[in-house]
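Every heavy atom of this structure was used, including side-chain atoms; hydrogens, water molecules and symmetry mates were not. By convention in this document, chain letters (A, B, ...) are assigned in the order of the sequence lines, proteins followed by strands, and residues within each chain are numbered from 1.
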Amino acid sequence: MLQELRELANRCMAGDQAAMVDLVERYRARVFGLCYRMLNHRQDAEDMVQETFVRVLKSLRHWQQHRPFEPWLLAIAGNRCRTLLAARGRRPTMSPLVEHLPDERPSSQPGDELMEEVWLVLLQLRKEYRQSFLLFHEQQLSYAEISAAMDCPIGTAKTWVHRARRDLAKGLRSRRVIEESTNAVRRV
Amino acid sequence: MQCAEFESRINQLLDDREPPRADARVADHARECVACADVLASYGQVLDIIQDSAPLEMDADPTPLIIAQVQLAARRRRRLWTTLVPLAVAASLLIALVPLIKMRLDRPDVEVVNLQTPEPVTPVVSPREVDPTGAGSPQPPLPADDRQGVDIVRMAIEVNKALAGLTDRLSKTPTDDPSPQPAPGVAPEGREWLRNINDGLKPLADTMAAALSAMGRTLPNTAGEESPSS
């Protein structure tokens, strides 16, 4: 797998367009998933996907080929998202009318309010907690990979994921969305 | 199990990617403690949702845009190099020539002579250096300041020779080819670089040649410096 990726990367660096298309199509869903969960804005997430892959293709020579590719790729995506989130924080807020325009596309699981609640609480977390949590639970990266991707010690990555879990659970409890599950647990 | 260790046990299990509900100690404690059962339920719910959520799809395929941007960036990088290389060459030459230009400016009264047809150098000999016996004994060594000056002039003459050779070679490149078809093996950008370099070097070479010629004519005969007087 890694060998195949190395070859793909080498072809991309040599300017092979088919290889570039292959690389983008292979990873774009994962990158988009991370960006969308980080930003909660479809258009911004799509822009970030584009920006991430442009950056990746331009700087493939910086990827250390003995290391896994995905953490490196997701690190770039995460950094782009964090930069955008920081810029959003500095920017004056948009009018609420524009901010809360409904997404009229059918959701992947219509009517799943619980899922909406979870994602809503996730968005309230600190961006480091959110990113590390998504990398661990959604992207299935190890702590070592998260630490490399987020340029932090493994212990810090672990702490961020633990705090993200705790804050998420706390957020859900405070929104009273877990009572049925509690009963279910009690019945166990 | 105590409530205090309940949450850390859950985290430990989740770190190992094991379901906390399957752990007997955790399940036992959750049955006895309502608060911890809530905690367990909320953790479970969060993780179920994260793992069960369908992969998100993008509205449009971004691949063509990405490829176009990468290619545009590559073209820009190439263009930047074609601009930077001649500039860097010209800048380094200028830096190398600054001391010589300064010397030329410091002595505006020197006669400008073309180095291509150098006049014979007449050694300047001070009266004290003339051998009264006429036996042709070697001249005494020059003072340190004079020797340094002579070395600089000689070095400058060598630099100028190299410069003249370079301009000569450049002038023979296909840059002078008036035909609209590019010469084989030379890209149009390359022809442009060579033309720029050549145009930049010529006046510098001419100026240096004039300055050095003037200085060369006053160069003392220091041939005897090397051999000790007998």
Where does Ile10(B) contact chain A at under 4.5 Å (heavy atoms): side chain, backbone, both or neither?
neither
Where do Phe32(A) and Glu57(B) come nearest, in terms of heavy atoms and distance?
CE2-O, 3.5 Å
Mark yes when over 12 heavy atoms from residues, nucleotides or ligands other than Arg26(A) sit less than 6.0 Å from its CZ; otherwise mark no.
yes
Could you pull out all residues at least two apart from His162(A) that satisfy side chain to side chain donor-acceptor pair (under 3.5 Å)?
Asp15(B)
Over 12 non-hydrogen atoms of neighbours within 6.0 angstrom of CZ in Arg55(A)
no
Region of Val118(A) in contact with chain B, defined by heavy-atom distances below 4.5 Å:
side chain
Taking the side chain as every heavy atom from C-beta outward, state whether Arg28(A) and Thr63(B) have any atom pair closer than 4.5 Å.
yes
Checking Ala60(B) against chain A: side chain, backbone, both or neither under 4.5 Å from a heavy atom?
backbone
Sequence neighbours excluded and cut-off under 3.5 Å, please list the side-chain donor-acceptor pairs for residues 145-160 of chain A, or say none.
residue, atom, partner, partner atom, Å
Glu145(A), OE1, Ser142(A), N, 3.0
Ser147(A), OG, Cys152(A), O, 3.0
Thr159(A), OG1, Gly155(A), O, 2.8

If you look at every heavy atom in Gln69(B) and Val54(A), which pair is closest and at what distance?
OE1-CG2, 3.5 Å
Begin with the C-alpha distance, continue with both residues' side-chain angles, and end with the deciding distance and a verdict on side-chain contact (heavy atoms from CB on, under 4.5 Å) for Ile66(B) and Met20(A).
CA-CA 9 Å; Ile66(B) 291 167; Met20(A) 291 184 200; over 6 Å; no
What part of Glu32(B) is in contact with chain A, defined as an atom under 4.5 angstrom from a non-hydrogen atom: side chain, backbone, both or neither?
neither
Roughly how far, to the nearest 0.5 Å, is CG of Asp38(B) from CG of Leu172(A)?
11.5 Å
Would you find a donor on one side and an acceptor on the other, under 3.5 Å apart, between the side chain of Gln50(A) and the backbone of Leu65(B)?
no
The interface call for Phe133(A) against chain B, heavy-atom contacts under 4.5 Å, is side chain
Residue selection (most heavy-atom pairs with chain B, distance under 4.5 Å) from Gln17(A), Lys58(A), Glu138(A):
Gln17(A)
Residue Gln140(A) versus chain B: region with a heavy atom under 4.5 Å
both
Measure across Tyr43(B) and Arg165(A) and return the closest heavy-atom pair with its distance rounded to 0.1 Å.
CE2-CB, 3.3 Å
For the interface with chain B, which of Arg30(A), Gln43(A), Glu25(A), Arg37(A) has the highest count of heavy-atom pairs at distances below 4.5 Å?
Arg37(A)
